[in-house]
Protein chains: 4
Amino acid sequence: MSRELAKEARRQQLIEATIDGIARKGFSDVKIADVAEAAGLSVGIVNFYFKSKDALLIATLKHLVDDYERHVKETLARAGKSAAAQIDAMIEADFARTHANRKYVTVWYAFWGETRWRPEFSKLCADLSTSFQESMTDAMRRLIEEGGYRDIDPALIARGFNAMIDGLWLDMLINPKQTDRETAKASVRAFLAGLFPNEFGRRPAANDAAGSAA
Amino acid sequence: MSRELAKEARRQQLIEATIDGIARKGFSDVKIADVAEAAGLSVGIVNFYFKSKDALLIATLKHLVDDYERHVKETLARAGKSAAAQIDAMIEADFARTHANRKYVTVWYAFWGETRWRPEFSKLCADLSTSFQESMTDAMRRLIEEGGYRDIDPALIARGFNAMIDGLWLDMLINPKQTDRETAKASVRAFLAGLFPNEFGRRPAANDAAGSAA
Amino acid sequence: MSRELAKEARRQQLIEATIDGIARKGFSDVKIADVAEAAGLSVGIVNFYFKSKDALLIATLKHLVDDYERHVKETLARAGKSAAAQIDAMIEADFARTHANRKYVTVWYAFWGETRWRPEFSKLCADLSTSFQESMTDAMRRLIEEGGYRDIDPALIARGFNAMIDGLWLDMLINPKQTDRETAKASVRAFLAGLFPNEFGRRPAANDAAGSAA
Amino acid sequence: MSRELAKEARRQQLIEATIDGIARKGFSDVKIADVAEAAGLSVGIVNFYFKSKDALLIATLKHLVDDYERHVKETLARAGKSAAAQIDAMIEADFARTHANRKYVTVWYAFWGETRWRPEFSKLCADLSTSFQESMTDAMRRLIEEGGYRDIDPALIARGFNAMIDGLWLDMLINPKQTDRETAKASVRAFLAGLFPNEFGRRPAANDAAGSAA
DNA sequence: AATGAATGAGAATTCATTCAT
DNA sequence: AATGAATGAATTCTCATTCAT
């Protein structure tokens, strides 16, 4: 039992080291040796826990996806149940210090850059994207109903909302000086304020939006 | 002179081959040999026209940037002069069949994925991003003035607008079935309609927005 | 004492597993891990009972040699005492189902293939070869005397006899469909029939040769 | 044209180096680096001319087979046309200094030792073996007819003849001191003398056998 | 005794770059 | 200018051996 746990711990250790390695050296430049060194282990052990470098990379992306989903789930659970509160919590989740930081954004973009040629990456990313598109569409639909809005297509809004967040991450990657987390959140809320003035119109603060909807 | 032209033609030929190569094989898997073969030339000649593979890659990104800027400039020149018309033309430019296609989006994301560790990439991307952020902020400011809107921060809106476009490209990359060019454009316009109902509120068609503003 | 026996039993178990492993995977492809798995033991234990993989391989060849010698000895003991009967029994021994089968022949040739560069293999094989050359020369000499033959060099015949058997094993390895045990035995006897018509001339059956000589 | 020739020459050079390498270091111990060094080239070039080490090994065996077949063909062409002369020439061919030497025999046994697990080796060896079995059976049949012999099965004799030669090569490998080329040839002829006294009975010299048959 | 995770030297293979032709 | 054979550093993966438990 403790041995099984130790094995899983080693895997996590190597995955974390891989994330660090990608962040530090770049996707096409992390070597197995870098990962091993970062984990304080020998190169042989990497190929012992992961059949190949590819398998390690896939496991790493899977880890990122799971971690992101868990993070979002937890954030949403802590937020108010109204659609507005949930959407606002989503913004907070997406720009939380723990996730919307240089290291994570860097690594996510590294994976997205390679996704096109790696079916396993592709699947993981597509599933995540689809799942969020669906739940955001749902949230938007509820928001439209709750707020009595008209002529707004929830799917279109959800898509734009998700896209804006991914694009703002890219901004943080490319122009870290210009785009900080607060600016990014304010951008998203500014757009939502246009569509949903009652819920997002007054102040761009997260608590406020959640509060006003409650 | 004609020798210089021929030289430049060869360089273009190799850059195009590089774009094809990245699109087909992936950033970390294009070999000099692939590029040479695609261009119908020998490997030796690639290192003759470009000092190194790195230099070729930088030249390729530069080409993409220049091409995108030229494309936008041309599209904007053809559009009405009002802020709304210009912004709408920008949407059309960003989702033109010639640029928002699988090949180009793939290659752009490949470069963005690597940008973090390549100062030259970084510079090119940051400059492009800054330049568009500035001109979009300007356009948004004019739109706000022209439309008599209040409480809208043009910089925030410009940032979100640009981000949404990049994010929708990612959608096209990851979920090509769900996100086509028309859906993407409709998404952007749906958001603008919230903020600028007079210019983007009625119909989602590009010509209409441009026309109503003219 | 029982501990010593257990130890010896483990060694035998590992040697058998090695033979199986070589037969299944090939000499240069059997891993310690394969041997351990086949024996139902851990890799660590292999290096505990045998100082090194090399030592295991040497012990395995020693086992094969001993086993072959024991087998021949037993077969000869059961046969008639005449030279002809002994020689014929030798043929039977060499093509007994227990020894001239695909697995054993495979493994013997695997060792012979490596013999050249392993002094310990070399020694074992040379000793076995020399010992059989001597005893066969002796048997041939007796056969020549007993049969009153002339102008036959027993050493030359013994050498050819032994060689033919090894060569027929190679046939069984390379062309298993064409060369079965019975064909092989018939081949050897056909040659002996030319030299020793009285003892091997009439019928090719083993019992007959042994019997007619008795 | 000269470039094509040079390419073929390089391949031959590498194949020869491989044969040397196997002879010197052993089948499972020749490294690409050894081959490259023996050929006075860099390691990269080996993988340039041969897709993989495996491919190099297969090409090497093919070379050995071709070379052996050519050698036999040439020897037979120079010999008398009678069956006896041809068979005798075959013995000479098999024990010619150029082919039945330590280096070649070593390498042949190295390949035979691995044949079992390499389908390509297997095919090459089986084809060679079958082809020689057929032509020797044919030669034996003619010898039987020409000599008016009875009760001799040509296929059985051919098989034993070929086997004896392979087995004598093994002797030369394992007991080089005891088994020289002349002894080996004398062994084969001693056996043939029993079956075909008129053609192989008097003296074991090659010329004589060919001559007496002519 | 026994286990199997961990080590690390060693090998095949890849590929950007060079350079003789 | 152009070619493509040749180089060799770099990287992944393998596996005999060790050693803490």
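Quick note on labels: first sequence line is chain A, next is B, and so on, each numbered from 1.
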note = Separation of E:dG4 atom P from A:Lys7 atom NZ, nearest Å, is 9 Å

ask   = If each of C:Gly44 and B:Gly44 is mapped to the nucleotide of DNA chain E with the nearest heavy atom, which maps nearer the 5' terminus, i.e. the 5' end?
value = C:Gly44

query = Rounded to the nearest Å, what distance is computed from the CD atom of residue C:Gln13 to the P atom of nucleotide E:dA2?
reply = 9 Å

ask   = So does A:Arg10 get a side-chain nitrogen or oxygen closer than 4.0 Å to the phosphate oxygens (OP1/OP2) of E:dA6?
value = yes

Side chain B:Arg116, main chain A:Leu173, donor-acceptor under 3.5 Å = no

request  = Please list all pairs passing the salt bridge (charged side-chain N to carboxylate O under 4.0 Å, His left out) test where one or both residues lie in residues 38-61 of chain B, with sequence neighbours left out.
outcome  = B:Asp54-B:Arg118

request  = Flag the pair C:Asp20 and C:Lys103 as a salt bridge only when some basic side-chain nitrogen lies within less than 4.0 angstrom of an acidic carboxylate oxygen.
outcome  = yes

remark   = By nearest-heavy-atom nucleotide on DNA chain E, the more 5' of C:Leu41 and B:Asp54 is C:Leu41

Pairwise side-chain contact, A:Leu124 with A:Leu64, heavy-atom cut-off 4.5 Å (strictly under) = no

remark   = Looking only at heavy atoms, the pair that brings A:Ala59 and A:Phe50 closest together is CB-CE2, 3.6 Å

query = For F:dT21, what is the paired nucleotide under Watson-Crick or G-U wobble rules, both distances under 3.5 Å?
reply = E:dA2

message = Are more than 12 heavy atoms, taken from residues, nucleotides or ligands other than C:Lys31, located less than 6.0 Å from that residue's NZ atom?
response = yes

message = Below the 4.0 Å mark, does F:dA2 have OP1 or OP2 next to a side-chain nitrogen or oxygen of B:Tyr49?
response = yes

query = Could you state the CZ-C1' distance from C:Phe48 to E:dG4, rounded to the nearest angstrom?
reply = 16 Å

task = Please determine, for the side chain of D:Ile45, which listed nucleotide (F:dA5, E:dT3, F:dG4) has the closest atom?
result = F:dA5

task = Return the 5'-most residue of the pair A:Lys53, C:Lys51 with respect to DNA chain F, ranking by each residue's nearest nucleotide.
result = A:Lys53

ask   = Under 6.0 Å between ring centres, would you say that holds for A:Tyr109 and A:Trp112?
value = yes

inquiry  = If you take any heavy atom closer than 4.0 Å to DNA chain F, which residues from residues 26-38 of chain D end up in contact?
reply    = none

Any D:Asn47 side-chain N or O less than 4.0 Å from OP1/OP2 of E:dT13 = yes

note = Closest of F:dT17, E:dG8, F:dG4 to the A:Val43 side chain is E:dG8

remark   = Taken to the nearest whole Å, CZ/B:Arg11 to P/F:dA2 is 14 Å

